[in-house]
Novice: 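Got a structure for you, written out below as structure tokens; questions coming shortly.
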Amino acid sequence: MSDNYQENINRNTLLFGKDIEERIVGTHQISENKVRLYIRNGNAVESRDESYYPFFFLSEEMLLDGFAPANDEKYWLIKLQGGNFYRFLAIFKSQYNYRNALDYVASKSRSSSDEENDSGFPSNLTYSRGDAVTQFLLQTGKTLFKGMVFEDLYRMQLDIETYYKPEKSTRSKVSIGSDPIIIISLSDNRGWEHVIHTKEISEKELLLELVKIIRLKDPDVIEGHNIFSFDLSYIQRRCELHGVALRIGRDGSEPRSYPASIRFAERSIDYPFFDIAGRHVIDTFFLVQNYDVAKRSMPGYGLKVAAKFFGFASPDRTYVEYSEIADLWDKNPERLLDYALDDVRETEQIAALLSGNNFYMTRMMPYTYAQTSRMGPAAKIEALFVREYLKEKHSLPKPEIGQQHTGGFTEVFLKGILGPIVYADVESLYPSIMLSYDICPKSDERRIFPKILTDLKDLRFEAKKSAKEEKKKGNNALANNYDAMQASFKILINAMYGYLGFSIGIFNDYEEADRVTTTGQEIARRMIKEFESRGCKVIEVDTDGILFVPPPHIQSKKDEINLVEEVSSVMPKGITIGYDGRFRKMISYLKKNYALLDYDGTIKLKGSSLISRSGEKFGREFIRKGFEKLLDEDVQGLHDLYVSYKEMILNHQWAIDDFSRTETLKNTMEQYTADTESGKRPRSITYELALKRNLSVNKGDRITYYVSGSGLQSSHYDKGRLADEWNRSKPDENTQFYLKRLDEFTQKFLPFFKPQDFSSIFSSDTLFSFSPEGIELIKEIRHKETDSVDDDDIPF
DNA sequence: AGCTGTGGCAGGGAGG
DNA sequence: CCTCCCTGCCAC
């Protein structure tokens, strides 16, 4: 794979090398607005005259080969890799203040005497894929002018309802465009709301009305929850069926859609991207998921769940089940219209909360707002590099082949039920190391890496300061904007380390990535040693954070803070340890798996073995409640809990949500069948179920299922049933299987008891009544000696 | 086509 | 049974 990939780079790379200019053999100015560029492989490129914009001439052909501006020989724009449009725009933005450029374009278009067109752009400007300048201008539109703040964007929200009659009650996917659209609800960020529906007009008229409204309101941004995969795809399909031209672009063009994908940590989602000329389409579904990558605290990503999570859902909000929509439309349409409006209102609030950082990021990126919103951070870092290199007329390197070898230091020293607990962590560990230890990729001959990092750090500092000042003055709106700004800097700062080890980043450097992580490990060891030497019992260390029990004479919070500050003061220059919280108790279970009991009584569980969403809900609850009992040292309560769960399972006294499991399908069905048939991967219950039920599933889809049948066999992959198929009055879930699952969950409590105590607690044997008498909790288990932390060769 | 990294645990199928 | 290997999910 990697060999193929390298070959691909070589084939697609036109101008990589020591110096870009070496490949340019000559330019010839044909007229004021035309230039011919000759490059070494013999291709001659003639520019087109783009009279409305004198700075650049870009065309499809030029994108393929390269171009030079007519009036200024200093600037070159070179194609680097197939399809990597963004690498061009880096220079486009960096050489000229693009906001001024856009002001210029806007003034031109305003003065053009063109009455037919209400878009603000000349109508002779046709929108086509290859025309980079046109595309750039139309996409950016008038939305990113100098001095703008996020609130200045005119944002419109859109949501559709379709007439879906559930036939067989399975939640199998509805295919795009199969049912008519009955309601389109719209709102904007200035308090306007509007709903159109098919009680009075036909679906075709509804679609025409939508086009009319969008063109009349002329929003800069169109927002929706799952708008790419659902609303826009659906609207487009219905328009096709009715022969309606969806002319919602600022130049009157129809949306251009192409397959794209987006990644959230380990998951990758395919979706059709919609490019609407002159506007930016923002999917709040992606914003929400991106938010949760860092936080990992949301119960789900649907609009309703997200709105509740962020506290936007109004108490009298209308809720309608997906399967009820058609029925409700026939019987009580008013309620459905209310529901539809609630959707757009919530979408607006989510976007307002989560879009600010993308907006401010766009100002420093050679991408449009829409692109910035759906792009990963590594590509953004690279854009900053490319901008600087092109500005300095320096060539760009190829990615290095290889891999990173090390990561963070993780160790558990003590297991059990421990307390009191102090949590401390190194502030911005990797960025601090990169700054203090002069990290820079070797291919970065101009040494841009440290410069970008320092600049971003300073910018963030300034933005944070401004946010604070504005807040003090009571300017909350402005303070929020500065806060969004500093958040966007933070995202980039944190992504810079990841970029070093990014396999196709052109400035990657695995050795430097390793140098960051190994330095981080050394710092972690040093931190352990310093806390230990001050009488602390270190429990767990993970990368940059440490959990420990302070010595007995450290009692108050203030003492704890002083202790952390003392250790911080002996750390290497540029490395600061911050006090990050205190807890009454904790349960240390495994690496990256523990429970924390706050002083206000709340419990936080961490780690995949304790809170994994792939497990059954009843299991997670059982563990959570059990850990509560454990923290209370309530052995009787633990036993009672076990017995009550066992009875619940035996008597089927539960709901489908309690025992169903939801899994994400990471591969396509084709990939799965190919892999299983070749023996490359084992069969999996979710894919098998999708095959059996003939569900049309895509990569990234989630299936909720349970295990049916009776008895325990070695494999259950053919015993799955869809959650919707479960019937409370005729429960057919596999009781033995779920009892076995309960016993698997009880294993989490194994380390805290003697074996015979453990088996008497987790037994419902009624012959002998259970008594907690004599059962002792194992509170402290030495798992690893801190002495083994070797710090002899720490080069400080 | 586009893509930030490593470390760690659980679960399940397959095969010895 | 046990081990191996893969996937999915999570911590940082």
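The chains referred to below are lettered A, B, ... by the order of the sequence lines, with proteins before strands, and numbering in each begins at 1.
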Novice: Which pairs with one or both residues in residues 495-508 of chain A pass salt bridge (Lys or Arg N to Asp or Glu O under 4.0 Å), sequence neighbours excluded?
Specialist: none

Novice: Does A:Y594 reach a base, just sugar-phosphate, or nothing at all? Heavy atoms under 4.0 Å.
Specialist: sugar-phosphate

Novice: Between B:dT4 and C:dA11, how far apart are the two C1' atoms, rounded to whole Å?
Specialist: 16 Å

Novice: Given atom NZ of A:K604 and atom P of C:dC12, what is their separation to the nearest angstrom?
Specialist: 10 Å

Novice: Between the two end axes of the helix from B:dG5-C:dC12 to B:dG16-C:dC1, each built from 5 base pairs, what angle do you get to the nearest 10°?
Specialist: 10°

Novice: Produce the list of close N/O pairs, under 3.5 Å, pairing protein atoms with atoms of nucleotides 1-5 of chain C; give distances to one decimal.
Specialist:
none

Novice: Mind checking salt bridge (charged side-chain N to carboxylate O under 4.0 Å, His left out) for A:R460 and listing every partner two or more places apart, or none if nothing turns up?
Specialist: none

Novice: For atom NZ of A:K692, is the number of surrounding heavy atoms from other residues, nucleotides or ligands below 6.0 Å larger than 12?
Specialist: yes

Novice: If the condition is salt bridge (charged side-chain N to carboxylate O under 4.0 Å, His left out), which residues does A:K617 pass it with, not counting sequence neighbours?
Specialist: A:D658

Novice: Is the shortest side-chain heavy-atom distance between A:Y423 and A:R582 below 4.5 Å?
Specialist: no

Novice: At a cut-off of 3.5 Å, list every protein nitrogen or oxygen paired with a nitrogen or oxygen from nucleotides 9-11 of chain B, distance to 0.1 Å.
Specialist:
| residue | atom | partner | partner atom | Å |
| --- | --- | --- | --- | --- |
| B:dG11 | OP1 | A:R741 | NH1 | 3.1 |

Novice: Between B:dG8 atom C1' and A:K415 atom NZ, what is the distance in whole Å?
Specialist: 12 Å

Novice: Taking CD from A:E616 and C1' from C:dG8, how many angstroms apart are they, rounded to a whole number?
Specialist: 14 Å

Novice: When the distance from CZ of A:R620 to P of C:dC10 is rounded to whole Å, what number comes out?
Specialist: 9 Å

Novice: Could you check how far CE of A:M434 sits from P of B:dT4, rounded to whole Å?
Specialist: 16 Å

Novice: Check side-chain hydrogen bond (donor to acceptor under 3.5 Å, both in side chains) between A:Y687 and all other residues, then give those that pass, not counting sequence neighbours.
Specialist: none

Novice: If only side-chain N and O atoms of A:Y687 are considered, is one of them under 4.0 Å from the OP1 or OP2 phosphate oxygen of B:dG12?
Specialist: no

Novice: Please list, chain by chain and in numerical order, all residues satisfying salt bridge (charged side-chain N to carboxylate O under 4.0 Å, His left out) with A:D425, sequence neighbours excluded.
Specialist: none

Novice: Excluding sequence neighbours, so at least two apart, what forms salt bridge (charged side-chain N to carboxylate O under 4.0 Å, His left out) with A:E512?
Specialist: A:R515

Novice: Checking A:Q404 side chain against A:T406 main chain: does a donor-acceptor pair fall under 3.5 Å?
Specialist: yes

Novice: C:dC12, C:dA11, B:dG5: which one has an atom nearest the side-chain heavy atoms of A:F502?
Specialist: B:dG5

Novice: Between C:dC9, B:dT6, B:dG7, which nucleotide has the shortest distance from any of its atoms to the side chain of A:S612?
Specialist: C:dC9

Novice: Of all the choices, C:dC12, B:dC3, B:dA14, which nucleotide is nearest to the side chain of A:T543 once you look at every atom?
Specialist: C:dC12

Novice: What residues, two or more places apart in sequence or in another chain, satisfy ring pair (Phe, Tyr, Trp, His ring centres under 6.0 Å) together with A:F762?
Specialist: A:Y642, A:F749, A:F758

Novice: Is A:S684 touching bases, backbone alone, or none of the nucleic acid, heavy atoms closer than 4.0 Å?
Specialist: nothing

Novice: Can you work out whether A:G501 or A:E411 has the more 5'-proximal nearest nucleotide on DNA chain B?
Specialist: A:G501

Novice: For A:G407, answer base if it contacts any base atom (sugar-phosphate contacts may also be present), sugar-phosphate if it contacts only those atoms, and nothing otherwise; contact means non-hydrogen atoms under 4.0 Å.
Specialist: sugar-phosphate

Novice: Specify the separation, in whole Å, of atom CG of A:D425 and atom C1' of C:dA11.
Specialist: 13 Å

Novice: B:dG8 P sits how many Å from A:K606 NZ, rounded?
Specialist: 17 Å

Novice: Quickly work out the A:I546 CD1 to C:dC12 C1' distance and round it to whole Å.
Specialist: 15 Å

Novice: May I have the list of side-chain donor-acceptor pairs in residues 428-435 of chain A shorter than 3.5 Å, sequence neighbours left out?
Specialist:
| residue | atom | partner | partner atom | Å |
| --- | --- | --- | --- | --- |
| A:S432 | OG | A:E427 | O | 3.2 |
| A:S432 | OG | A:S428 | O | 2.7 |

Novice: What residues, two or more places apart in sequence or in another chain, satisfy ring pair (Phe, Tyr, Trp, His ring centres under 6.0 Å) together with A:F285?
Specialist: A:H225

